[in-house]
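All values derive from a computational prediction rather than experimental measurement. Residue numbering restarts at 1 for every chain, and letters A, B, ... go by the order of the sequence lines.
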Amino acid sequence: MTNEQVAEILDQIATILELEDENVFRIRSYERAAEAVRGLGEDLAEIRAGDGGLQSVPGIGEAIAAKIEEILDTGSSAYLDELLAKYPPGFLELLKVPGLGPKRAALVYHELGVESVDELEEACLAERVQELKGMGEKTEQKLLAAIQTYRQGQERALLGEILPVAEGLVAWLRDLDEVLEADYAGSVRRGRETVGDLDLLATSDDPGAVCRAFAASGQLREVELAGETKVSGRLPGGRQVDLRVVEPESWGAALVYFTGSQQHNIRLRERGQDLGLKVNEYGVFAEPEDPGQLQGECVAGETEQSVYEALELAWIPPELREDRGEIQAAEAGELPDLIALEDIRADLHVHTTASDGRQSIEQMAEAARSRGLSIMGVTDHSRTLYVAGGIGLDAIRRQRDEVDSLNERFGDQFHVLLGTEAEITVDGGVDCGEEVFELVDYVIGAIHQGLSSDADRMTARVVRALQTGLIDILAHPTGRLLLQRPPQGLHISEVIDAAVELGVALEINAAYDRLDLSDVHARLAQDRGALLAINTDAHAIEHLDFMRYGVLTARRAWVEAVTVINTWPLSRLREWLQSRR
DNA sequence: GCCGTTTTCGGCCCGACTGTTTTCAGTCG
């Protein structure tokens, strides 16, 4: 049972409790527990066996701990099964239709016997929904439109697909005369690996004008809602976009509010309550002096710093705003000094035409240099990876000569290291013979084949490969492809421990469909004392720009520059590689 | 259901928008 699977069960329980009109705080507890589980780097089984057990996790108490233990032992929850039995199979799908929440889903089920999205559509077309209490003709039409939206699918998109779009829209907004400031917020600003929609924020003395201009701009395929302070619509690809425009004095408060995860925001507001302050998207407000007033004096709001300061907290970087301990750290003045893109000197995982890349070593090196890097490592695939044009000894000899002459030309301006991306074989061997090992400066180990074996065997295979002493960096450790292929069943905790013991650096592969290690795993790795490497795995010049996604993931993992070998100067990097031989 | 330098019981974030309503429920973020 993976943490994600357990989290999904907890979420399902919460969803059905909503249908049952249960106590909202009980529902929130399940939701918070699910999020807490998703934020764990270690497997639940491991935490269960450790000090304090499952209840050491904030948000998991006696009752939910018992349910998680049952899920870990049996693979399911009797409580969930009991709840599910009250509804037809597939009923929960109904709740994915935008605008149809638990109350109305329960209503159409009990009153009309609607059990699925298809049946909901039939009921709407038959004009039976509008006869229900609290429903009407307009609601029915909206539901029909929402069903179409739902069927177009694409619940989430990759960060790397959305971030450039967000930047384009922000630039467009900033160009408007009426706009004072503009930025993107939401999960994009937090740097989450996938995002559901795009949140934009702007300030203006004339919000209505900004909204009208945006709605009429042609940036959106369709406009779903256009008010004086808010515009909702869909991008040409169908992705949802929300723009909110606030007065300048609320800029910071709005940015905080629209950036933080729901749990982070709840924590902030609870903290405000404790301090006698009310926090909302317009500012931080003192208690009203006389009871007649709705709202007290505004004590902060123009900048994010002012909002956090009013809550007696240090400013929290957006990537940390997930309720994963950042508020406690900000209170104690113990926030990490997060790595930044400017800290990166090297990209150590780059392919060329020698295997399956599109450009030569020289072209990739020039491109890396023009991007401000001072070191690049060439790591074409090793021979056994036929499908990617893996190369053998002769080709690596030629690369060695080419790299050496390039370095002569670059002098101390830039340096190319020669590596190899060596295949980890099914038996835990490393496809890197003695002669190749002597020719290269370092070895990246990776698995591309035989991905289907079970977790115990997979873990043993990777650990054995690390123990050969041949590998300096373990590439994309779990092999996941976001929205396509789940991570390997791999006991990541054991792999991390082995990496720490053997001094192997674990990669955060920055390709935005991988981001592997993930944020939670990278955080665990740093906590355990592992070294990390952030590499683009570029197969073409433009892929070198993926570095930002790797850095965002590292920041979400609370990673500091000192942990990441790509931030080291050449002398230190060389020293480290030498010491491993 | 969780949690606690004011509590082991009694609290628990806040607001916008919409459509249906004579004052509010549902949904969303």
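- Atom P of B:dG19 sits at a distance of 48 Å from the matching atom of B:dT7, rounded to the whole Å.
- Using a 4.0 Å heavy-atom distance criterion, A:Y282 is classed as a sugar-phosphate-only contact.
- Residue A:V279 is classed as a sugar-phosphate contact, given heavy-atom separations below 4.0 Å to backbone atoms only.
- Remark: A:D81 does not engage A:K86 in a salt bridge, criterion side-chain N to carboxylate O under 4.0 Å.
- Comparing A:N265 and A:A105 against DNA chain B, the residue whose closest nucleotide sits nearer the 5' end is A:N265.
- Base orientation at B:dT6 is anti, since its O4'-C1' glycosidic dihedral falls outside 90° of 0.
- Taking the side chain to side chain contact (heavy atoms under 4.5 Å, CB included) definition, one finds that A:N23 meets it with A:F25, A:R26, sequence neighbours left out.
- For the C1' atoms, the distance linking B:dA16 with B:dG11 amounts to 26 Å, nearest Å.
- Applying the side chain to side chain contact (heavy atoms under 4.5 Å, CB included) test to A:E249 and every residue at least two apart in sequence or in another chain returns A:E247.
- Look at the C1' atom in both B:dC28 and B:dC13: the space between them is 14 Å, to the nearest Å.
- Atom name C1', nucleotides B:dG1 and B:dT5: the rounded distance is 24 Å, in whole Å.
- Taking atom P on both B:dT27 and B:dT20, the two are 14 Å apart, rounded to the nearest angstrom.
- When DNA chain B is scanned in the 5' to 3' direction for atoms under 4.0 Å from non-hydrogen atoms of chain A, the outermost contacting nucleotides are B:dG1 to B:dG29.
- Contact check on A:R548 versus A:E167 returns a salt bridge, with a Lys/Arg side-chain nitrogen under 4.0 Å from an Asp/Glu carboxylate oxygen.
- Within the 4.0 angstrom heavy-atom criterion, no nucleotide atom of any strand lies near A:Q263.
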